[in-house]
Amino acid sequence: MAEVKIAKRSEDYSRWYTDVIAAAELADYAPVKGCMVIRPNGYAIWEQMQRALDAMFKETGHQNAYFPMFIPESFLQKEAEHVEGFAPEVAVVTHAGGQKLEEPLIIRPTSETIIWHSYRNWIQSYRDLPLLINQWANVVRWEMRTRLFLRTTEFLWQEGHTAHATFEEAEEETVRMLGVYRRFAEEFMALPVIEGRKTEREKFAGAHHTYSIEAMMGDGKALQAGTSHHLAQNFAKAFDVMFQNQQGTREYVYATSWGLSTRMIGALIMAHGDDNGIVIPPRLATIQVVVVPIARKPEEREKVMEAVGRFTAPFKAAGIGYKIDDREQHSPGWKFNEWERRGIPLRIEVGPKDLEKNQVMLVRRDNREKIPVTQDGLTPAVIAMLDTIQKALFDRALEFREKHSYRVDDYAKFNEMLDAEGGGFLWSHWCESDACEERVKNDTKATIRCIPMSRESETGQCVVCGQPSPGRVIFARAY
RNA sequence: CGGGGCGUAGCGCAGCCUGGCUAGCGCGCUUGCCUUGGGAGCAAGAGGUCGGAGGUUCAAAUCCUCUCGCCCCGACCA
């Protein structure tokens, strides 16, 4: 492996981010602009995310299916707002089989259209509802500016597409899945997020309204980490999907869609990473514990390895993902650095000195603390330590977010905060006018991240124009 | 699409301005010895269409023209 230098996070955040990805061997740039190769270390994180989310989708009654990546161009055009939103970033296939195609095919930027084409055949009666489908897929969006994981031309995600009999049921589903995302972020990624509703300007093209979870990254910028859309009857009308209700009358179906992508890997890096690289929360780590044996002489080595075999024996049954790094060509110091770069949450060092004391050394990735632990009862100690790390990561991220959240009521101060702090969440009053939202964006590059669902009721005056405001919203610069 | 930067060994770079021995250096890689508690050491090796095409010249990594690609900053976005 090549020597890897990671820029200081505090000095060059952007450079630091790409360095961390290279250092942990998460992804490479691909020959095609904006595309990436997700390497085994990166894909392992995605697999853990899939596993956790997929289980939650199943628990909430969803089934997986798969729809094609090629969509007739005409499909996209059936929903006016949708086509307007996506047309500029759609890749189109015009030739295939050595011939020009009669109708060009688009490569899905999202699958609403082709899925609703199918739903038309699947749904006739209220008895067919709700229809709860999810798919794991790749999608392509030709973005102008790309960054590994955060915005790539092709990315992996899951997209849920559900159909319901009433607006209210669809709303319940939209909010339920937003909650699933929040739980996933908090419990698995150790990432505190804020649930909220998007403004008209920021909502999904084709949605009635959109919700998102918003997280704060290590530089104070916001990241939209998952979205859930209430599509109302927009796609049902575009694809003529009607059902007969219990009264025998036909009406259009109500829909939702929700998605979460490999962007979350970027969120993970930026939320928890430090100058030594990525820090993977224990609940998303395939390798949660790496064991580094230390020995000089062959006879020492034999004793150390014997102990390692003994104390790791219960790990598998206890559900601990672990790896023993017994390579002889690298020094312990070299290994410490390598596993830290890869973000393995916990390291166990064991050498002759430890054997004398019947102990091992636990070393936390998140704060590098070294804790001696006796070999007897090591398994529960490791499990407890992994929990501690998981919780510490969440607490630290939450504390950071709180520290960089401000209530701001004065527009001059508002501008000043964004310049001085470079980021952070500004909780300010907004009159709900598009004009004020746009002005903020032009003045500061900050956007309204969301109208928090849990905001306290507090009327006030718009931070921009002074008109009456029904409550505070979150302004921030975003990825 | 505008502004900036860069294409030379797997990775990071020097050489280019001022053309000239066999194109170098660090890391990594291979083999051997020796080592191992925070990126060890020694020795011997392997590895190159200098992004591509054309031109100038006795001679091009180096000068000229064209071209392809990537990265960073902005407008758009999960």
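Residue numbering restarts at 1 for every chain, and letters A, B, ... go by the order of the sequence lines.
One atom, NE2 of A:His330, and another, P of B:C29, lie 6 Å apart when rounded to the nearest Å. In this structure, A:Phe336 atom CZ and B:G38 atom P are separated by 6 Å, rounded to whole Å. Taking atom CD of A:Glu25 as the reference point, atom P of B:C11 lies 13 Å away to the nearest angstrom. Rounding to whole angstrom units, CG of residue A:Asp28 and P of B:C71 are separated by 12 Å.
A:Ser212 comes within 4.0 angstrom of no nucleic acid atom, judged by non-hydrogen atoms across all strands. If you check every strand for non-hydrogen atoms under 4.0 Å, A:Lys297 touches nothing. Using a 4.0 Å heavy-atom criterion, one finds that A:Pro88 contacts no nucleic acid atom at all. In this structure, A:Thr210 reaches neither bases nor backbone, as no heavy-atom distance under 4.0 Å exists between it and the strands shown. Residue A:Arg15 is out of contact with every strand shown, counting any heavy-atom pair closer than 4.0 Å. Using a 4.0 Å heavy-atom cutoff across all strands shown, A:Phe204 reaches no nucleic acid atom at all. Residue A:Glu143 is in base contact, counting any heavy-atom pair closer than 4.0 Å across all strands shown. Heavy atoms of A:Leu150 sit under 4.0 angstrom from at least one base atom. Counting any heavy atom pair closer than 4.0 Å across all strands shown, A:Arg327 reaches no nucleic acid atom. Residue-level contact check: A:Gly259 touches neither bases nor backbone, having no heavy atom under 4.0 Å from any strand.
When the side-chain nitrogen and oxygen atoms of A:Lys441 are compared with OP1 and OP2 of B:C76, one or more of them lie within a distance under 4.0 Å. Using a 4.0 Å cut-off, some side-chain N or O of A:Ser331 falls inside it from OP1 or OP2 of B:A40.
Pairing for B:C21 is absent, judged as Watson-Crick or G-U wobble with the two contacts each under 3.5 Å. In this structure, B:C1 and B:G74 make a Watson-Crick or G-U wobble pair, each of the two defining distances being under 3.5 angstrom. Nucleotide B:G38 forms a pair with no other nucleotide shown, judged by Watson-Crick or G-U wobble geometry with both contacts under 3.5 Å. Under the Watson-Crick or G-U wobble criterion, with both distances below 3.5 Å, B:G10 is paired with B:C27.
In this structure, A:Tyr322 and A:Phe315 have perpendicular ring planes: the angle between them is above 60°, well past the 30° mark. Between A:Trp334 and A:His330, the ring-plane angle classifies as parallel under the 30° and 60° cut-offs. A perpendicular orientation is assigned to the rings of A:Tyr211 and A:His209, their planes being inclined by more than 60° (bins at 30° and 60°). A:His229 and A:Phe204 have parallel rings, their planes meeting at less than 30° on a 0 to 90° scale where 60° marks the start of perpendicular. In this structure, A:Tyr181 and A:Trp258 have perpendicular ring planes: the angle between them is above 60°, well past the 30° mark.
The base of B:G37 does not come close enough to the side chain of A:Lys370 for any donor and acceptor atom to sit less than 3.5 Å apart. In the interface, the side chain of A:Arg347 is paired with the base of B:G38 through a donor and an acceptor atom under 3.5 Å apart. Judged by distance alone, with hydrogens and angles left aside, A:Glu340 brings a side-chain donor or acceptor within reach of the base of B:G38, the pair sitting under 3.5 Å.
At distances below 3.5 Å, not a single donor-acceptor pair connects side-chain atoms of A:Thr444 with backbone N or O atoms of A:Lys441.
Comparing the P positions of B:G45 and B:U36 gives a spacing of 28 Å, expressed to the nearest Å.
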